[in-house]
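For reference, the structure discussed in these notes is given below.
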Amino acid sequence: MNFVKRAGTSLRARKSKAAALLAVFVVLCTLLLGGFLLQGTTARQEAEVQRRVGVDVTVRGEGLTRHLADRLGGSERVHRYNPVLSLRAGARGFAPLRSEGGGSDGAGAGDGEQPAVALNGVRDFGLLLPFSYGSARITVGRGVAPEDADRDVVVVEERLAARNGLAPGDTLRLASADGERTVSATVVGVFRDPAPDPARWTPSYELPGNLLYVPVRTAERLGAGASDVREAVFRIGAPEQAEGLHSAAERLLGGGDFDFRVNDKAYRDQVRPVQRVGAFAELIVWLVAVAGALILGLVVLSQTRERREELGVLLSMGERKWKLVGQLVVEVAAVAVPAVFLAVLIGRVAGGPAGDALLPRAADGPAAHPGTAPAPVEPPQLRAGAVDVGRVAGIALGISLVATVVPGVGILRLHPRSILANDT
């Protein structure tokens, strides 16, 4: 009889032992699948943290211009970047806020008086520290985005907006410090700065309500051309990438003296719990694979000893020893295959609760615009994919092969006369 058919007959004749072997395999496959699902989910969570939170690197130094910041921001390790160019400007056609008390400062800059407002030329509003940490927020409209690089837009503080009746869509005219150049900018947003007005007299450009945000190129047109930016913030995926960015900054800045600061606290606070779960999942996979091979090896070895008479009869009938080993492999593999599908069904049922219990809940996602309410993040769930099922099936079949071939070495040493003589 063909040894494959004989394996099927043997399984039908030993239903109770086959069921026990199936139960062992279901437990092993379920644990393996759970380990792979945890690994895959934690990897996706870590990638999401890299994309959403990331690590902010702040570069300050002489000779750092917008063009150099653009070149450094073009690096493959940089996800987002934001140079900040600070200057003063004059007001045309609107009234800046004024400090109570003595002192004087002009409303414009064309007649020798001090500029009236402060400008911050930026590229990406979401990387500004006051807005990313929530101390300041957009109340109406939006902030400056990378798409505004070639547009003349402006974001104003709500106190200045209230005094002049400004809203998104209105136009502000800004003058350079020497009064020779003017720019008409469209208001796209209004923000709230929690800083109170100073109690004593302060120049108008230092009042928190007179701070305006415009694109960097708009600020350059009102300034002295391509002047040095105050700082540039670069968001990278992980702290390990900071060294490469530092080397690139050194090359661009000519190795001069510059300040390079890495802020990875938010990243580590969210990534470390995910990495711990990932390491735990990897440990589960290794332990289950090794323990499964040992347990099934002992089970098969025990069954082999119980079937010595059967094996002796087959050997005395001229059956080859490798076919006997092949029969055991087929029997165990035939039990392993349905165990994989049962493990998948268990994983679908228990995936949601297991994900809630084992995986750390990520913080809320980024807001649609800086300073607005953050978008909710879906809780992590364990979902079995074709790749995960394939890996479990491969390991399960590998375990069945090891668990049968190793005890099967003993079959190769069997002699039918000695087996039958001992049994009689």
Exercise for the section: Please tell me if the side chains of Ile346 and Val26 come closer than 4.5 Å, counting only heavy atoms from C-beta onward. Expected result: yes

Exercise for the section: Report yes if the side chains of Glu157 and Phe191 come closer than 4.5 Å at any heavy-atom pair, otherwise no. Expected result: yes

Practice task
Using a 4.5 Å cut-off on heavy atoms from C-beta on, say whether the side chain of Arg272 contacts that of Val274.
Solution key: no

Handout entry: Parallel, tilted or perpendicular: rings of Phe131 and Phe125 (30°, 60°)
Key = tilted

Exercise for the section: Check the pair Glu231 / Val59 against side chain to side chain contact (heavy atoms under 4.5 Å, CB included), numbers first and verdict last. Expected result: CA-CA 6 Å; Glu231 65 181 24; Val59 179; over 6 Å; no

Handout entry: Asn210 side chain near Leu160 side chain, heavy-atom distance below 4.5 Å
Key = yes

Handout entry: Heavy-atom side-chain contact between Asp70 and Leu68 under 4.5 Å
Key = no

Practice task
Say whether, by atom type as modelled, one donor and one acceptor occur between the side chain of Asn164 and the main chain of Ala161 under 3.5 angstrom.
Solution key: no

Practice task
Check Leu397 against Ala336 and note the closest heavy-atom contact, atom names and distance.
Solution key: CD2-CB, 4.4 Å

Fill in the blank from the handout: side-chain contact (heavy atoms from CB on, under 4.5 Å) with Ile395: of Leu33, Val288, Leu32, only one passes, and it is Leu32

Handout entry: side chain to side chain donor-acceptor pair (under 3.5 Å) partner of Asp56, the single match among Arg261, Arg80, Arg235
Key = Arg235

Practice task
Mark yes or no for whether Asp124, through its side chain, and Gly126, through its backbone, hold a donor-acceptor pair below 3.5 Å.
Solution key: yes

Exercise for the section: Could you check if a side-chain atom of Val154 sits within less than 4.5 angstrom of a side-chain atom of Tyr213, using non-hydrogen atoms only? Expected result: no

Exercise for the section: Using only heavy-atom distances, determine whether the side chains of Asp228 and Thr65 contain a donor-acceptor pair under 3.5 Å. Expected result: no

Handout entry: CG on Leu245 to OG on Ser75, rounded to 0.5 Å
Key = 6.5 Å

Problem - Side-chain donor-acceptor pair present, Thr218, Arg221, cut-off under 3.5 Å - result: no

Exercise for the section: Measure from the side-chain N and O atoms of Thr202 to the backbone N and O of Pro198, and report whether any donor-acceptor pair falls under 3.5 Å. Expected result: no

Fill in the blank from the handout: Looking only at heavy atoms, the pair that brings Pro208 and Ala195 closest together is CG-O, 3.7 Å

Handout entry: Side-chain donor or acceptor of Ser204 paired with backbone N/O of Ala116 under 3.5 Å
Key = yes

Handout entry: Arg123 to Tyr81 six-membered ring, cation-pi geometry met (6.0 Å, 45°)
Key = yes

Problem - side chain to side chain donor-acceptor pair (under 3.5 Å) pairs, two or more places apart, involving residues 184-194 - result: Glu158-Arg192

Handout entry: Shortest non-hydrogen separation from Gly143 to Val155 and the atoms involved
Key = CA-CG2, 4.0 Å

Practice task
State, with a plain yes or no, whether a side-chain heavy atom of Val190 is found less than 4.5 Å away from one of Leu166.
Solution key: no

Exercise for the section: Of all the heavy-atom pairs spanning Arg142 and Ala145, show the shortest one and how long it is. Expected result: NH1-N, 4.2 Å

Fill in the blank from the handout: Heavy-atom closest pair (Asp197 atom, Arg159 atom, distance to 0.1 Å) is OD1-NH1, 3.1 Å

Exercise for the section: Kindly indicate, with the supporting measurements, whether the criterion side chain to side chain contact (heavy atoms under 4.5 Å, CB included) is fulfilled by Leu172 and Val187. Expected result: CA-CA 7 Å; Leu172 280 186; Val187 178; 4.1 Å; yes

Problem - Under 3.5 Å: donor-acceptor pair, side chain of Arg163, backbone of Pro96 - result: yes

Completion exercise
CG of Leu287 to CG of Leu283, rounded to nearest 0.5 Å, is 4.0 Å

Fill in the blank from the handout: Between Trp201 and Ser99 the two heavy atoms that sit nearest each other are CA-OG, 3.1 Å

Exercise for the section: To the nearest 0.5 angstrom, please state how far the OG1 atom of Thr41 sits from the CD atom of Gln39. Expected result: 10.0 Å

Problem - Min side-chain heavy-atom separation Val122-Leu128 under 4.5 Å - result: yes

Problem - Donor-acceptor under 3.5 Å (Ser135 side chain, Pro130 main chain) - result: yes

Handout entry: Atom pair CG (Leu253) and CG (Leu64), whose distance is rounded to the nearest 0.5 Å
Key = 5.5 Å

Fill in the blank from the handout: To the nearest 0.5 Å, atom CD of Gln241 lies from atom NE2 of His79 at 6.0 Å

Handout entry: Nearest-0.5 Å distance that lies between atom CG in Leu87 and atom CZ in Arg230
Key = 11.0 Å

Practice task
Could you go through the side chain to side chain contact (heavy atoms under 4.5 Å, CB included) check for Leu212 and Leu174 one step at a time?
Solution key: CA-CA 10 Å; Leu212 285 70; Leu174 301 169; 4.0 Å; yes

Handout entry: Val117 vs Phe94, side chain to side chain contact (heavy atoms under 4.5 Å, CB included): CA-CA, chis, key distance, verdict
Key = CA-CA 11 Å; Val117 296; Phe94 68 97; 4.3 Å; yes

Handout entry: Arg217/Asp152 ion pair, N-O < 4.0 Å
Key = no

